[in-house]
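A short worksheet on the structure shown next.
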There are 2 protein chains.
Amino acid sequence: METSREAWKLMVGLVYPPRWLAIARKLGLTPPGLGALRLLDEPRTMGEIAAFLHCDPSNVTGIVDNLEEKGLAERRPSPQDRRVKLIELTAAGRRTRGRLIREIERPPEWMEALSDEDQRTLRDLLQRAVEKASGSANP
Amino acid sequence: METSREAWKLMVGLVYPPRWLAIARKLGLTPPGLGALRLLDEPRTMGEIAAFLHCDPSNVTGIVDNLEEKGLAERRPSPQDRRVKLIELTAAGRRTRGRLIREIERPPEWMEALSDEDQRTLRDLLQRAVEKASGSANP
DNA sequence: TATTGTTATACTCTATAACTATA
DNA sequence: TATAGTTATAGAGTATAACAATA
């Protein structure tokens with residue numbers, strides 16, 4: 001088999017299924033709620049959240065309702081344009097977001113188990129790959 | 001930042017979003033339909049399909065109905081146990097499945113763009129990772 | 001009685017369209 | 001008139017429970 005096909009097969013097996021489904025469940029969030037929380041490093045409008053989640057703005061109403069019910073976020077009207085609502089995390093929301101980011105960014109066990117040299121090799125190689133990918137489409 | 005965290009971040013960026021959503025759309029299949037077709041290298045029962053898709057058996061009825069309507073698969077009763085139905089691909093189904101497998105297994109452009117040496121390095125390194133991962137849980 | 005697959009039904013997630021309140 | 005967000009509603013995808021055929 002071609003080397004690249006073998007490598008791709010191995011990679012897919014190591015990355016799927018995605019961990020963020022389990023993380024969302026653990027934190028009591030729906031997958032879109034998790035996505036929204038991830039974006040909310042600073043106050044964002046409903047429209048910005050919809051664009052980030054690639055979903056219709058009408059859905060964001062429910063998603064943000066849910067975060068508000070859990071005491072993680074609050075709506076407040078924008079001072080510049082009172083049609084716009086800014087969604088801002090509460091103190092509890094910032095704590096939950098911190099846990100979330102840590103969980104998502106934590107490398108899986110198999111990667112921690114690699115030697116330091118392998119980890120560096122992998123990082124550098126993937127860095128080169130990202131540079132090559134930046135030219136092609138990434139939907 | 002830790003090397004492994006950097007590597008993980010790069011890897012996630014290169015693998016997501018998953019391509020099989022686009023592949024399913026291109027072939028006119030739903031995501032579960034695509035999963036079922038992938039499994040059907042040989043005749044399978046409804047229950048086997050449900051287990052493979054991690055979904056309730058009641059859903060498989062609709063999924064297989066859909067494949068039948070498209071002329072890709074056919075139900076036939078098992079000779080051993082007439083409660084059981086065996087789902088088998090038609091000639092068209094085998095053709096579509098072939099395209100599907102080729103698409104899914106095809107490495108992304110960024111990987112083809114790597115040097116032969118990088119591809120070998122990556123494959124060998126991931127192979128070691130898989131061996132280390134085989135001990136830990138993989139839900 | 002137990003099991004395979006189906007049907008009936010409900011719940012969630014998503015989108016479209018109509019509505020409101022601003023601009 | 002146009003835009004941000006909401007509500008009403010409908011369509012997928014999924015699950016549970018009751019059912020028919022078979023074991």
Side-chain angles (χ1 to χ4, degrees), chain A residues 17-18 20-40 42-70 73-89 139, chain B residues 17-18 20-40 42-70 72-88 139:
Chain A
W20 39 267
L21 290 173
I23 296 171
R25 221 177 315 120
K26 190 160 95 177
L27 296 176
L29 296 165
T30 60
L34 180 133
L37 203 61
R38 223 182 130 193
L39 176 69
L40 288 166
E42 56 182 77
R44 306 283 187 174
T45 69
M46 302 294 276
E48 284 169 342
I49 296 173
F52 180 70
L53 298 178
H54 296 103
C55 77
D56 191 88
S58 61
N59 297 314
V60 180
T61 300
I63 293 163
V64 170
D65 284 353
N66 202 279
L67 293 177
E68 278 198 324
E69 282 159 22
K70 292 192 167 63
E74 281 173 349
R75 284 171 168 94
R76 62 180 172 80
S78 161
Q80 286 89 24
D81 182 340
R82 275 152 47 219
R83 289 173 306 180
V84 173
K85 281 168 190 165
L86 288 169
I87 317 307
E88 193 166 13
L89 292 186
Chain B
W20 39 267
L21 290 172
I23 296 171
R25 219 177 316 121
K26 191 159 94 176
L27 296 177
L29 297 165
T30 61
L34 180 133
L37 202 62
R38 225 182 129 191
L39 176 67
L40 288 166
E42 56 182 79
R44 307 284 188 173
T45 68
M46 302 294 275
E48 285 169 341
I49 295 174
F52 181 71
L53 298 178
H54 297 102
C55 76
D56 191 88
S58 61
N59 297 314
V60 180
T61 300
I63 293 162
V64 170
D65 283 352
N66 202 279
L67 293 177
E68 278 199 323
E69 283 160 21
K70 291 192 168 63
L72 302 176
E74 281 172 351
R75 285 170 167 93
R76 60 180 173 82
S78 162
Q80 286 89 24
D81 181 342
R82 273 153 48 220
R83 290 173 303 179
V84 172
K85 282 172 189 160
L86 287 169
I87 317 308
E88 191 166 16

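Any value given below was found using the heavy atoms of this structure, including those in side chains, with hydrogens, waters and symmetry copies removed. A note on names: the letters A, B, ... follow the listed sequences, proteins ahead of strands, and every chain is numbered from 1.
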Under 4.0 Å from OP1 or OP2 of [N]: is there any side-chain N or O of [X] that close?
X: Lys85(A); N: dT6(D); value: yes
X: Arg75(B); N: dT6(C); value: yes
X: Arg82(A); N: dA23(C); value: yes

Inset, instruction - Would you kindly check whether a donor in the side chain of Ser58(B) faces an acceptor in the base of dT14(D), or vice versa, at under 3.5 angstrom? - result: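 No, the side chain and the base share no sub-3.5 Å donor-acceptor pair.
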Take the protein atom [atom1] of [X] and the nucleotide atom [atom2] of [N], then report the distance between them rounded to whole Å.
X: Gln80(B); N: dT4(C); atom1: CD; atom2: P; result: 14 Å
X: Asp65(B); N: dA12(D); atom1: CG; atom2: P; result: 14 Å
X: Asp56(B); N: dA8(C); atom1: CG; atom2: P; result: 16 Å
X: Glu68(A); N: dG5(D); atom1: CD; atom2: C1'; result: 13 Å
X: Leu21(B); N: dT14(C); atom1: CG; atom2: P; result: 12 Å
X: Leu53(A); N: dT12(C); atom1: CG; atom2: P; result: 19 Å
X: Arg25(A); N: dT12(C); atom1: CZ; atom2: C1'; result: 15 Å
X: Met46(A); N: dA21(C); atom1: CE; atom2: C1'; result: 15 Å

About how many Å separate [atom2] of [Y] and [atom1] of [X], when rounded to the nearest 0.5 Å?
X: Arg38(A); Y: Leu53(A); atom1: CZ; atom2: CG; answer: 10.5 Å
X: Ile49(B); Y: Leu67(B); atom1: CD1; atom2: CG; answer: 7.5 Å
X: Glu68(B); Y: Ile63(B); atom1: CD; atom2: CD1; answer: 13.0 Å

Using a heavy-atom cut-off of under 4.0 Å over every strand shown, decide if [X] touches base, sugar-phosphate, or nothing.
X: Asn59(B); answer: base
X: Ser78(A); answer: nothing
X: Pro31(A); answer: nothing

Inset, instruction - For the pair Glu88(B) (side chain) and Arg76(B) (backbone), establish whether a donor and an acceptor sit closer than 3.5 Å, ignoring hydrogens and angles. - result: no
Legend entry - Contact nearer the 5' end of DNA chain C, comparing Ile63(A) with Pro79(A): Ile63(A)
Legend entry - Test applied, side chain to side chain contact (heavy atoms under 4.5 Å, CB included); reference residue, Val64(A); option that passes from Lys85(A), Met46(A), Arg44(A):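 Filter result, single survivor: Met46(A).
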Closest to the [X] side chain: [options]?
X: Pro32(A); options: dT14(D), dT14(C), dA15(C); answer: dT14(C)
X: Thr45(A); options: dT22(D), dG5(C), dG5(D); answer: dG5(D)
X: Val84(A); options: dT14(C), dT4(C), dA4(D); answer: dA4(D)

Inset, instruction - Could you check Leu86(A) against His54(B) and say which one's nearest nucleotide on DNA chain D is further toward the 5' end? - result: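 Nearest nucleotide further toward 5': that of Leu86(A).
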